[in-house]
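This structure is in structure tokens; I'll ask about it shortly.
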Amino acid sequence: MINIGLLIIRLVIGLLFVGHGAQKLFGWFGGYGLKGTGGWFESIGMKPGVTMALFAGLAELVGGILFAVGLLTPLAGFIIAGTMVMAIVKVHGANGLWATSNGYEYNLTLLAVTIGVALIGPGQYALDAFLF
């Protein structure tokens, strides 16, 4: 049962990050693409905005794919965790903890889940289990 639980966690979290990366990179799923996301990044002091949006989008897309399929899971978890640290520091941290105030509650939860899975391993239903 633990392995099925880890698979569910990896698929849900990983695929959500793939979606967030696609929003930033391609404007899919209601996102703004590189130009729009880059403009917003510039507005919050992350310069150059388009370059930072590219890095963030790639981290979310690649980290999400790796996490979902359980390949290089510790690396994938830490890549995703890094994006959540930046979200807390640059966007949500000043608003306090609770999501109801646009705080960092959700980002912290994702950070804990991805680091937790990175440390305990992806389970047997993962590419890591087949390859390593």
Q. Would you say the side-chain atoms of Ser101 and Asn95 include a donor-acceptor pair closer than 3.5 Å?
A.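 No donor-acceptor contact under 3.5 Å links the two side chains.
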Q. Which residue pairs satisfy the ring-ring contact (aromatic ring centres under 6.0 Å, His included) criterion with at least one member in residues 62-120, sequence neighbours excluded?
A.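 As it turns out, there is no ring-ring contact (aromatic ring centres under 6.0 Å, His included) pair with a partner in residues 62-120 once direct neighbours are skipped.
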**Q.** Pairwise side-chain contact, Leu66 with Thr73, heavy-atom cut-off 4.5 Å (strictly under)
**A.**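 Answer no - side chains too far apart.
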Q. Minimum heavy-atom separation for Gly38 to Ala53, with atom names?
A.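 Between these two residues, the closest heavy atoms are N-CB, 3.8 Å.
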Q: For residues 1-38, pull every pair meeting ring-ring contact (aromatic ring centres under 6.0 Å, His included), keeping only residues two or more places apart or in separate chains.
A: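 Sorted result for residues 1-38: Phe26-Trp28.
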Q: Kindly give the heavy-atom pair with the smallest separation between Asp128 and Leu72, and that separation in Å.
A: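 Looking at all heavy atoms of both residues, the closest pair is OD1-N, 2.6 Å.
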(Q) How close do Gln124 and Ala129 get, counting heavy atoms only, and between which atoms? (A)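 Scanning both residues, the minimum pair turns out to be O-CB, 3.4 Å.
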Q. Just wondering, do Ile80 and Leu110 contact through their side chains at under 4.5 Å, heavy atoms?
A.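 Of all side-chain heavy-atom pairs linking Ile80 with Leu110, none is under 4.5 Å.
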(Q) Quick test of your reading: applying salt bridge (Lys or Arg N to Asp or Glu O under 4.0 Å), list the pairs with at least one residue in residues 30-53, sequence neighbours left out, ordered by first then second residue. (A)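 Of all non-adjacent pairs touching residues 30-53, none passes salt bridge (Lys or Arg N to Asp or Glu O under 4.0 Å).
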Q) Among all residues two or more places apart in sequence or in another chain, which pass the side chain to side chain contact (heavy atoms under 4.5 Å, CB included) test with Ile79? A)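 Once residues adjacent in sequence are excluded, the partners of Ile79 under the side chain to side chain contact (heavy atoms under 4.5 Å, CB included) criterion are Ala59, Leu75.
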**Q.** Euclidean distance, Leu61 CG relative to Leu25 CG, rounded to 0.5 Å
**A.**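 One finds 6.0 Å between CG of Leu25 and CG of Leu61.
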Q) Hey, are the side chains of Arg10 and Val117 touching, using non-hydrogen atoms and a 4.5 Å cut-off? A)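 Heavy-atom side-chain distance check passes, below 4.5 Å.
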Q) Taking only residues two or more places apart in sequence, or in another chain, which ones meet Val89 in a side chain to side chain contact (heavy atoms under 4.5 Å, CB included)? A)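 Per chain and number, Val89 pairs via side chain to side chain contact (heavy atoms under 4.5 Å, CB included) with Val85.
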Q.
Rounded to the nearest 0.5 Å, what separates atom CG in Leu97 from atom CG in Leu108?
A.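 Going from the CG atom of Leu97 to the CG atom of Leu108 covers 7.0 Å.
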**Q.** Trace of the side chain to side chain contact (heavy atoms under 4.5 Å, CB included) decision for Glu60 with Gln23
**A.** CA-CA 10 Å; Glu60 291 175 348; Gln23 287 177 321; over 6 Å; no
Q. Are any of the side-chain heavy atoms of Phe41 and Lys24 separated by less than 4.5 Å?
A.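 The answer is yes; the side chains approach within 4.5 Å.
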(Q) Holding to side chain to side chain contact (heavy atoms under 4.5 Å, CB included), I want the full list of residues that pass it with Ile2, two or more places apart in sequence or in another chain. (A)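 For Ile2 the side chain to side chain contact (heavy atoms under 4.5 Å, CB included) partners, ignoring immediate neighbours, are Leu6.
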Q) What pair of heavy atoms forms the shortest contact from Val18 to Gly64, and how long is it? A)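 Between these two residues, the closest heavy atoms are CG2-C, 3.6 Å.
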